[in-house]
There are 2 protein chains.
Amino acid sequence: MSPGKPRMSPPLPSSRKTPTTTLDAGDRPYHHGDLRRAIVETASAMLREDKGWKFTLREVARRAGVSHAAPYKHFPDKAALLLELALRGFDQLGQELQAAITPRPRSARKEFLAVGGAYIAFGVANPALYRLMFSGDAGDPRVAHLSERALSALGVLLDMLTRGQASGAFRRRPLQGQAAACWAQVHGITMLSIEGLLMPEKVGTTPAQDALETLLDGVLA
Amino acid sequence: MSPGKPRMSPPLPSSRKTPTTTLDAGDRPYHHGDLRRAIVETASAMLREDKGWKFTLREVARRAGVSHAAPYKHFPDKAALLLELALRGFDQLGQELQAAITPRPRSARKEFLAVGGAYIAFGVANPALYRLMFSGDAGDPRVAHLSERALSALGVLLDMLTRGQASGAFRRRPLQGQAAACWAQVHGITMLSIEGLLMPEKVGTTPAQDALETLLDGVLA
DNA sequence: ACCTGAACACCGTTCAAGT
DNA sequence: ACCTGAACACCGTTCAAGT
């Protein structure tokens, strides 16, 4: 598609800007301020652009306006950058789940559907990021950090189930097992949706919603 | 790990064997009989070996004992070979689901757990293949063939749900939605298990089983 | 008809060298 | 301290040439 495309922006020998301590979003501090952040942001943008994108370290460097070796001063290797992106993804997911129930819905049922819906919406809105988060492309000891961060993102889910069980709205089951069931369900729905295998055309209504409600039947008391 | 490893088997200029019409498993027809099948089998073996394996066309050719350009006479590109592997995966999955209920369990409940358990067991036993089947690495129009084949593999699931609803054991719900719920659940459990995120240590008992039974609660009448 | 070898445009990663 | 340029060992893919 893009063979031999020209350098998109020459190294611009502009005046060195003092490293801003405030996180100015519109800044381009590139190869003099903090390249590390520029790399992460460029990579995030690439992840956001296209779900079928082949993620390349050299392409990140190109778009950040630095040489292809520069990133190695900030990340030991490609996997380390991917790990950072994945971790940020889990943090973002956690925030969105929290936001989905900040004006807390009155019924446990509505709360359940709000959290589940927000989870699926996040994955479908950020397919490349979501797949990265679960792809294992970020190395294997990554699991240590990742699963920790993933579990923390799921804190909202655990709290919700705890409340539901306490109020008597949900069946009293071992919390971890019930949480695993819910996580697996929304993860499965999200993944199949991203891959285009849960097509609303082939199915009556929206299968994602149906699947969520079928699980809800198993959770409600 | 393996830099510059020597050719593992020289082209052996043995007597040309007549192309066997019967599928002799122990044969090595390699670069004179049907290379196509040799490539597929070599690739399958590589997929079976290691879940973290980086699948390389050149490596397949190396292990099949042919030049790295030879596969292009049988597959237009790498994606085409991966597609073939994925399709075979879905066929195998379909067979295993069928086998799981060939002496049909007496209760709908047992049948449900047998099918679900077989699905998860297949994925966990063939992690690289399972991930390939859902990874989108096999191109995109692939979805046309793939989803067709995937749905056909899920025929066993649909039949089971139909029987369960007919007998009154399962809730009467739109079949496609209920099937989507079940598929998403087993897919989610399988994926999370493969990635090592459903660790039995962290959870009381086996979370996969718990998750399956929680869904079952939502399916049972 | 089927396969090889050299070639091209890429990668990830390393390292001496520049500022 | 941070970045560049050349270099190495790989890829996927193409193509003329061999048998």
Side-chain angles (χ1 to χ4, degrees), chain A residues 1-7 9-19 28-40 42-43 46 52-83 85 137-139, chain B residues 1-7 9-19 28-40 42-43 46 52-83 85 137-139:
Chain A
M1 258 305 158
S2 54
K5 79 172 84 163
R7 288 281 168 293
S9 58
L12 47 113
S14 63
S15 59
R16 300 224 306 287
K17 46 185 2 288
T18 58
R28 301 175 75 253
Y30 283 12
H31 59 325
H32 12 68
D34 51 332
L35 178 55
R36 188 178 208 282
R37 191 164 50 122
I39 287 172
V40 170
T42 303
M46 283 169 59
W53 187 237
K54 272 202 59 189
F55 191 91
T56 268
L57 210 48
R58 283 173 110 112
E59 172 81 9
V60 177
R62 239 174 266 134
R63 295 184 36 164
V66 294
S67 87
H68 60 259
Y72 285 88
K73 290 293 144 184
H74 300 274
F75 299 93
D77 56 13
K78 186 184 177 183
L81 174 56
L82 292 179
L83 174 58
L85 294 173
D137 282 348
Chain B
M1 257 305 158
S2 54
K5 79 172 85 165
R7 287 282 171 292
S9 58
L12 48 113
S14 62
S15 59
R16 299 224 307 288
K17 51 186 354 289
T18 58
R28 299 175 77 253
Y30 283 12
H31 60 324
H32 13 64
D34 51 332
L35 178 56
R36 188 179 207 282
R37 191 164 49 123
I39 287 173
V40 170
T42 303
M46 284 169 59
W53 186 239
K54 272 202 61 191
F55 191 91
T56 267
L57 210 49
R58 282 173 111 112
E59 172 80 9
V60 176
R62 241 174 265 134
R63 295 183 38 164
V66 294
S67 87
H68 60 259
Y72 285 88
K73 290 292 144 183
H74 300 275
F75 299 93
D77 56 14
K78 185 184 178 183
L81 173 57
L82 292 179
L83 174 58
L85 294 173
D137 282 348

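In the text below, chain A, chain B and the rest are named by the order of the sequence lines, each starting its count at 1.
The CG atom of Leu81(A) sits 5.0 Å away from the CZ atom of Phe55(A) when rounded to the nearest 0.5 Å. One distance of note links CZ of Arg63(A) with CE of Met46(A); it measures 5.5 Å at 0.5 Å rounding. Atom-to-atom distance recorded for Thr42(A):OG1 and Arg37(A):CZ is 11.0 Å, nearest 0.5 angstrom.
Atom pair Glu59(A):CD and dT13(C):P shows a separation of 16 Å (rounding to whole Å applied). Per the geometry, CG belonging to Leu82(B) stands 10 Å off P belonging to dT13(D), to the nearest Å. Atom NZ in Lys78(A) sits roughly 12 Å away from atom C1' in dC11(D) (whole-Å rounding). In this structure, Arg58(A) places its CZ atom 16 Å from P of dC10(D), rounding to the nearest Å. We find that CZ of Phe75(A) is positioned 13 Å from P of dC2(D), with the value rounded to whole Å. The nearest whole Å value for the distance from the CZ atom in Arg36(B) to the C1' atom in dA1(C) is 16 Å. We find that CZ of Arg37(A) is positioned 15 Å from P of dC2(D), with the value rounded to whole Å. Straight-line distance from the CG atom of Asp34(B) to the C1' atom of dC3(C): 15 Å, rounded to whole Å.
The backbone N or O of Arg58(A) lies less than 3.5 Å from no partner atom in the side chain of Thr56(A), so there is not a single donor-acceptor pair.
Side chain of His74(A), nearest nucleotide from dC3(D), dC3(C), dT13(C): dC3(D). Side-chain proximity of Leu57(A) to dT4(C), dT13(C), dC11(D): nearest is dT13(C).
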The contact string for nucleotides 14-19 of chain D, one letter per nucleotide 5' to 3', using protein heavy atoms under 4.0 Å with B, S and - for base, sugar-phosphate only and none, comes out as BB----

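Results of the side-chain contact (heavy atoms from CB on, under 4.5 Å) test with Phe75(B) over Leu57(B), Ile39(B), Leu82(B) single out Ile39(B) as the only residue that passes.
Closest heavy-atom contact between Ala61(B) and Ser67(B): CB-O, 3.5 Å. Between Ala70(A) and His74(A) the shortest heavy-atom distance is O-CD2, 3.9 Å.
A sub-4.0 Å separation between OP1 or OP2 of dC11(D) and a side-chain N or O of Arg62(B) is present.
Stem regions for DNA chain C, each three or more consecutive Watson-Crick or G-U pairs with both distances under 3.5 Å and listed by first number, read C:4-8 with D:12-16, C:12-16 with D:4-8.
Among the atoms of the strands shown, base atoms are found under 4.0 Å from some heavy atom of Ser67(B).
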